[in-house]
Amino acid sequence: MRKKKRNTRMAVKMAVVGTLSLSLLQAPLSGVFAATNSGSAAAVESSAISSSQQGKLDPSQAKVTKEEAEKRMRDLFPMLDGAELRQVEFGHSNVFPPREEAVWNLHWEFRTENGSYGFSTSVDAMTGDVLSYHQPYGVPGFDNQSYYPPKVSKEEAEQIAKDFIAKASSSIDQAELFPADGSMYGMYPQQLFGPVQYYFQYNVLINGIKSQSESLYLTVDGNGDITMYNHSRYQGQYPSPRTSLTAAEAEEKFKSGLGLTLHYVPDDAMYPYNSSTAKWRLAYVPGIIGMNMLDGHTGKFMDYMGADAPTERSYEDIPAGGPGFTAHQGATLTSEQAVAVVTKQFELPEDYTLRNSSLSSYWRQQDVQVWNFYWSKDISSPYGFNEQISAEVDADTGRLLGLNRHSFAYGPGYSQPEVKEATITEQQAKAKALGLIRSLYPNAAQELKLVDLPGAIEGAENSEAKFRYQFQMFYGDHPILNGSASITLDGDGKLYGYNSSVYNTEKLAGQLDGLKAEVTVEEAERTYSDALDVELQYVMIGGYYMDNIFKEPDMKLVYAPVVKGTRGYAMVDAVSGKLLPLYGNPTETAEETIAASDIEGHWANEELTTLLEHGVLKPDADGLLGPNEALRLGDWLNMMGTALYGSNLSYYDQGNEPPFADVPRDSEFAASVQRFVAHGWLERAPEKNLGPEQTLTRQQLAVLLTKMLNYSKLARYMDSDLEIGSLKDAKEIDNIGAAAVVTKLGLLTPSNGRFSPDAAVTKAQAAVIIMRLVTLQGKTDTPLMR
């Protein structure tokens, strides 16, 4: 029994310490099970059903009737006055993973002449708290869009949110409500176009302690209406709030084991693969202790899966020798050739059938084309889930990028397979993994190091014995943040699962070679320690699947590291010595305001400031914006792309080649150009040049704006417009109709009797034009966001 427990812990450790991955940080930070808190100062009724009642839910247990639940929803959300309640369910059906909870699920429908629109809401059957509501869009007669400028400010919206919580979740003591500063909401600026939405997230104090699992998410639109509401709660008992060590003792433990080491870090470590044009920095990143938690009861460090965390990380070189990876030569792989890449390394079970194959840009790096495959077992579970295998293959090089097995079968009639013990030793498995990584990963011996931890995974919890090995990617002497690979073998030493990063060191060399540390590790540790604090929190461990086994949720009392001025974890820039957020945008800390020193007093100050606040424009390293600088065509596309899509600008082009010859997938303009092509505002021409580096002229901009507003046909009709035709430089205008459209809309205006079609557009002028477009929303027949 002891051996099984030890090996299980090894398995958990291996899942988290190979690299500082996002999954490591996020797993426990959102509630997976919904339930009412039961440990607050004033205890409330819980919707959790006792173990003796599992599988025996019936409406008689409810303290709130379904009629009361319906009335509550209609009273709180006036939009539902026009909806018909089609069905009411007690408890959850078709929910994965299955759970028992006293909840009323209400299914609504809006009927129109052309069809119907359906959506669902839920209400706690014990307390009457609203658990979920999301206002549907597209329902005729209910499209009350709140475009810029909003009727309510963010401060006013926040008060509306708090007042609404008091009514919708009356079981919560308002004194125990606090903003969730580390939430994703607000980490990135909202796009300017589309409905104005203010996002708020709150957590609830349990026993006077923050609980990340007791969450309230709200959206208030620019009109002051609640458009989304979600109340997540933990189902279970909270542990005692008493700790075995003080906050000061916990803080000293963290500071003494920071383990800062130099890493290469992309400018957005949370989404490092979205663009191959990421900017890189050299930074000191905390080690294992700095990235884990301290158990408030045992005083031991624990990882985010609840296991004891090691105190340090070490690496082993991958020995050279043996067959290495050989890239495919010639034309892009066919689907059959790509499947052969998978089956060369992996033995597909006979009872699995290929369900889907597709060729597309890789989700992690757009300039890589991949074949995506999905196989599933012929027998599905009663709930519609089954056992699946997925794989990704580089369509050009023939490199296997990922192989994953998912077993979601459960429910009546399903039995867990018998435990299968390993037939090889851990030493043999390690040798097998090292051989595999050399054949799967290009230049593995030069770029990767094995994370020096045991690889055995005990079979008792996983149906069969497995071995997992993690590899960290290095460039020179320093690791690359989130650059990693992992191999999982079954108990016979056969490949079971594989994942790898796709950083191309040849492309990165130009950036990384020039990065040198100017700050010592001692200086970095002082900076980090000065900002480091600890916070006592309730954090849920589990509530997810690992190795196809559901890990039951377990609430823990922990001391979590908190770094002032950042949203969670931090790093120290090895050049500037600044403390920056590790995840999210590290350009600024949360306490700094994005501003530009050269726009004060400028005639377009208001518009430029608004674009700065929304992330459409960013000052340079000296804090200068250059408002009078001429824009390139690509600059305009990037500004509009960010204004339209905010942080979601990246677009995964499904084409086999870039839309223009001079806009490759690693271009700084690629994402915006792809968005414009997708909208039909630019016409794809892979054999032609777009000219994104050329200066943008007023008449070019007039044509682009006309296309964006879907007025190109109208522009042709207005090609003989008298107002534009009478201008002094009318003969110099190539598209009179486009000039007429943008002039009558007030987007571009003549000056001194001239349109000045060949004049360059400055950054300030572009800012004003974008804000004019923003205020046009809802006033034209075709919205930009559609």
Side-chain angles (χ1 to χ4, degrees), residues 31-36 45-50 53-144 164-165 167-171 215-219 225-233 235 380-386 408-414:
V32 175
F33 283 86
T36 304
E45 292 286 353
S46 173
S47 65
I49 303 301
S50 68
Q53 296 174 309
Q54 294 292 315
K56 301 179 181 179
L57 278 178
D58 67 75
S60 66
Q61 297 173 330
K63 296 191 175 183
V64 175
T65 67
K66 62 181 180 181
E67 291 78 15
E68 291 170 333
E70 177 186 1
K71 183 177 186 304
R72 186 154 177 73
M73 292 301 301
R74 291 190 184 277
D75 288 345
L76 288 169
F77 301 99
M79 183 184 186
L80 295 177
D81 287 344
E84 179 183 357
L85 184 60
R86 299 290 296 173
Q87 183 181 1
V88 181
E89 292 178 310
F90 186 72
H92 299 283
S93 63
N94 298 320
V95 173
F96 179 75
R99 67 180 187 264
E100 302 289 346
E101 186 181 12
V103 171
W104 290 113
N105 286 292
L106 300 92
H107 305 284
W108 307 86
E109 185 177 66
F110 286 97
R111 289 188 173 275
T112 66
E113 292 182 1
N114 297 323
S116 62
Y117 299 78
F119 69 105
S120 300
T121 63
S122 58
V123 175
D124 189 307
M126 307 302 286
T127 66
D129 285 356
V130 175
L131 300 181
S132 67
Y133 170 85
H134 195 286
Q135 183 168 301
Y137 287 102
V139 180
F142 295 93
D143 291 334
N144 187 21
F164 188 83
I165 290 172
K167 294 183 290 184
S169 296
S170 55
S171 70
S215 301
L216 289 158
Y217 300 85
L218 299 87
T219 302
D225 296 326
I226 305 294
T227 59
M228 186 273 287
Y229 190 83
N230 187 71
H231 184 173
S232 298
R233 303 154 304 157
Q235 183 176 16
S380 297
S381 79
Y383 294 89
F385 299 94
N386 56 17
F408 296 136
Y410 65 90
Y414 176 79

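- Taking all atoms of both residues into account, the shortest heavy-atom contact from S122 to V103 is CB-CG1, 3.8 Å.
- Not counting sequence neighbours, the partners of K71 by the salt bridge (Lys or Arg N to Asp or Glu O under 4.0 Å) test are D75.
- The two atoms that bring L218 and F164 nearest to each other are CD2-CD2, 4.4 Å, heavy atoms only.
- Contact record, Q135 with I226: OE1-O, 3.8 Å, taken as the closest heavy-atom pair.
- In this structure, CZ on R111 lies 6.0 Å from OG on S116, to the nearest 0.5 angstrom.
- To the nearest 0.5 angstrom, W108 atom CH2 is 10.5 Å from E84 atom CD.
- Ring pair F77/Y229: centre-to-centre distance not below 6.0 Å.
- Listed here is the closest heavy atom pair of T127 and S171: CB-CB, 4.3 Å.
- Separating the NE2 atom in H231 from the CG atom in L131 is a distance of 7.0 Å, to the nearest 0.5 Å.
- At distances below 3.5 Å, not a single donor-acceptor pair connects side-chain atoms of D225 with backbone N or O atoms of T227.
- Here the side chains of L85 and R74 are in contact, with some heavy-atom distance below 4.5 Å.
- Annotation: side chain of L106 is in contact with side chain of V123 (closest heavy-atom distance under 4.5 Å).
- In terms of heavy atoms, F110 sits closest to G82 at CD2-O, 3.3 Å.
- Atom-to-atom distance recorded for N105:CG and T121:OG1 is 8.0 Å, nearest 0.5 angstrom.
- Here the OH atom belonging to Y133 is positioned 11.5 Å from the OG1 atom belonging to T219, to the nearest 0.5 angstrom.
- Shown here are the side chain to side chain contact (heavy atoms under 4.5 Å, CB included) partners of E68, two or more places apart in sequence or in another chain: V64, T65.
- S170 pairs by the side chain to side chain contact (heavy atoms under 4.5 Å, CB included) definition with R72, D129, not counting sequence neighbours.
- How far CD of E89 is from CH2 of W104: 10.5 Å, rounded to the nearest 0.5 Å.
- Between F90 and A125, the shortest heavy-atom contact is CE1-CB, 3.6 Å.
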